[in-house]
Amino acid sequence: MSFSTFNQGVSEMTSLTYREYKIHQVGEVVWEIPRTGKMRVPGRIYASREMMEEILKEDESIQQVINVATLPGIQKYSLAMPDIHWGYGFPIGGVAATDVESGVISPGGVGYDINCGVRLARTNLTLEEVRPRLDRLVSRLFQNVPTGVGAHGALHKLSKKDIQGILKKGAAWAVENGYGRPEDLEFTEENGRLSTANPEKVSPRAIERGQNQVGTLGSGNHFLEVQVVDQIFDPEVADALGLFLGQVVVMIHCGSRGLGHQVCTDYLRVLNTAVHRYQIDLPDRQLACAPIDSREGQDYLQAMAAAANFAWANRQVIMFNARRAFVETFAIGETELGFRLVYDVCHNIAKIEDHQIDGQTRRVCVHRKGATRAFPPHHPLTPKAYQHVGQPVLVPGDMGRYSFVAVGTPRSMEETFGSTCHGAGRVKSRHRALKEGKGRDLIGEMRRMGVLVQARGMRTVAEEMPWAYKDVAQVVDVMHTAGISKKVARLKPIGVIKG
Amino acid sequence: MYRILSHTADIGLELEAETLESLFREAAEGWRALVLEDSPVQGRQRRRLHLESTNLEDLLVQWLDELNYLLATEGWVPAAVRTIRLNQEAGRWQLNAILTGEPFDPERHYIYFDIKGVTYHQLNIVQEQGGYRTRVIFDI
């Protein structure tokens with residue numbers, strides 16, 4: 001890696017070298033890898049200069065941006081958000097849009113945890129009101145929302161009909177069955193349902209892995225947090241989203257559990273064969289893909305949509321059970337509590353969307369792997385209540401520092417296929433975090449930071465300690481500076497439940 | 001021989017063995033060490049497995065997926081690979097194995113990692129003088 005600087009306009013721009021590739025700074029926080037070799041489009045990375053240096057030192061993620069640029073039908077750029085890190089095939093933080101007629105769909109561009117996502121609910125309660133009973137609230141949440149590896153049993157055993165309903169209807173199934181309100185759907189990306197879902201394309205094995213897991217968090221970096229709005233950057237937008245300083249909110253981060261993992265596993269195998277059938281030349285096997293209009297491609301898209309619906313039903317049921325925990329702990333009525341969904345976003349998904357390319361509206365398949373949709377004000381898919389401010393973007397951080405709320409902008413449509421960052425990303429391996437946490441009272445340390453943590457295993461707590469993560473503020477700031485998503489509020493955790 | 005690889009956000013195994021059978025055996029051992037660490041597992045029950053694929057890498061992914069599946073859906077934990085045979089017939093690889101193990105018991109067993117999937121990333125079984133080697137990365 002080497003740096004050189006040159007003047008472009010008023011500000012000083014940098015060029016750097018990665019292996020045989022040149023990377024040019026093309027904006028304050030935008031870097032471009034010109035098209036060479038088998039790349040069909042250039043690569044573009046959103047990052048500060050300091051981040052860029054880290055990214056180049058750290059791992060192979062830049063090579064993965066280059067690899068993705070070779071996919072058939074890819075449009076404009078192979079993109080990476082500032083939380084880019086090494087993934088499987090696609091980098092995490094990667095965005096790629098492929099033409100629906102000439103392009104491919106790749107399960108590696110979605111990831112194993114299909115429709116992993118984040119949902120934020122607000123309350124009328126303030127920190128002062130919640131603090132005295134926080135202990136009780138966190139215990140109640142821990143009772144109501146099963147966590148940990150293989151967590152199950154949030155709902156009574158579901159029938160085959162129920163599972164079909166969940167796979168077809170997503171969050172709407174949960175609402176129809178009493179787990180939430182119809183208006184929740186309005187504040188969920190895609191209204192909590194991809195209509196292209198076909199349960200028949202989901203293997204019995206995937207259904208078996210997921211059937212007891214609706215309403216559960218799972219393990220790893222997934223969480224449910226009680227947070228406080230501790231900073232507002234844009235009062236007008238915060239007000240439109242119903243957020244105010246000192247307000248207690250709930251953030252839920254999880255996905256499609258075992259069902260989604262199995263769908264990905266099943267279709268990677270199918271698409272690995274398809275690669276040979278359609279004679280697609282790939283630099284990495286994990287990029288396995290098929291033409292979007294092929295049988296294999298359509299089968300995956302339909303199964304992926306069903307798994308995405310499963311994830312929405314999952315987060316809807318978790319939110320319902322979290323609301324119950326508030327009602328039980330504070331013994332107050334629903335009106336007084338004012339528990340309302342602010343928004344629900346997915347950050348591992350492939351979507352068929354319309355975007356402007358070379359002055360024309362084109363239908364593309366946008367792969368977002370560790371990237372969040374960030375649609376602007378007045379977009380038809382931005383909820384009615386948020387038409388004037390834009391679609392909310394939820395960016396979770398680590399359990400000690402903070403998470404962010406932002407909104408999408410018109411620039412995201414011009415530059416990133418309506419996408420922005422999704423989180424912090426690890427800075428220390430689980431192994432190293434575990435080693436550093438050994439013999440320490442981590443729950444006590446978190447309590448002294450003002451965060452009450454309840455988890456199934458101490459191991460997860462050690463792996464997820466704040467110092468194992470990058471500072472998410474830097475990630476959000478890059479996208480704010482780039483004008484892709486605008487910061488609205490910062491949320492500080494006070495209570496956490498984990499696997 | 002297996003060695004556990006720990007990257008920033010991932011975990012995997014580096015495998016080396018004299019025969020293909022022992023490479024697959026080591027993979028299962030490594031999986032057990034990662035997922036269950038030193039949880040004591042008794043070989044009270046037997047499971048017969050039959051897997052097929054056109055290539056060895058895919059067969060290895062299937063083999064490890066099968067262990068994940070048994071744990072995730074049937075709550076069954078493996079103690080050891082009792083027998084394992086690999087052979088190639090008409091261009092297809094076949095694996096026949098007998099595993100010993102027992103139902104998951106929360107009193108004695110602790111699951112350390114929820115493996116979402118076995119990836120094909122950098123997966124390449126290489127035959128060298130004196131044996132085979134590969135690495136396999138898990139998404140967790």
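Letters go in sequence order (proteins before strands), and every chain restarts at 1.
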Among residues 424-433 of chain A, which residues come closer than 4.5 Å to chain B, judged by heavy atom distances?
-> A:R426, A:V427, A:K428, A:S429, A:R430, A:H431

Within 6.0 angstrom of B:R133 CZ, more than 12 heavy atoms from elsewhere = no

Under the ring pair (Phe, Tyr, Trp, His ring centres under 6.0 Å) test, which residues partner B:F138, sequence neighbours left out?
-> none

Determine whether B:V118 and A:Y112 make a side-chain contact, defined as any pair of heavy atoms from C-beta on separated by less than 4.5 Å.
-> no

With a 4.5 angstrom heavy-atom cut-off, could you sort out which part of A:R459 is near chain B: side chain, backbone, both or neither?
-> side chain

Side-chain (A:E208) to main-chain (B:T73) donor-acceptor, under 3.5 angstrom = no

Where along residues 16-40 of chain B does a heavy atom come under 4.5 Å of chain A, listed by residue number?
-> B:E37

Measure the OH-OG1 distance between B:Y112 and A:T460 for me, rounded to the nearest 0.5 Å.
-> 11.0 Å

Most chain B-contacting option - heavy-atom pairs closer than 4.5 Å, from A:H85, A:R209, A:Q213, A:R257 = A:R209

Measure distances from B:N124 to the heavy atoms of chain A and classify the residue's part below 4.5 Å as side chain, backbone, both or neither.
-> neither

Of all heavy-atom pairs between B:Y69 and A:R205, which one has the smallest distance, and what is that distance?
-> CE1-CG, 3.1 Å

Part of B:I137 lying under 4.5 Å from any heavy atom of chain A | side chain

Correct closest heavy-atom pair for A:Y88 and B:I140 would be OH-N, 4.4 Å

Under 4.5 Å, heavy atom to heavy atom, which residues of residues 262-274 of chain A contact chain B?
-> A:T265, A:L268, A:R269, A:N272

Within-4.5 Å side-chain heavy-atom neighbours: A:D284 and B:H121 | yes

Portion of B:Y110 that has a non-hydrogen atom of chain A nearer than 4.5 angstrom | side chain

Winner by heavy-atom pair count (cut-off under 4.5 Å) against chain B, out of A:Q286, A:Q211, A:E463 = A:Q286

Should we say atom CZ of B:R92 is surrounded by more than 12 heavy atoms from elsewhere, each under 6.0 Å from it?
-> yes

From A:S219 atom OG to B:K116 atom NZ, the distance as rounded to the nearest 0.5 Å = 8.0 Å

Does the side chain of B:E57 come within less than 4.5 Å of A:R285's, by heavy atoms?
-> yes

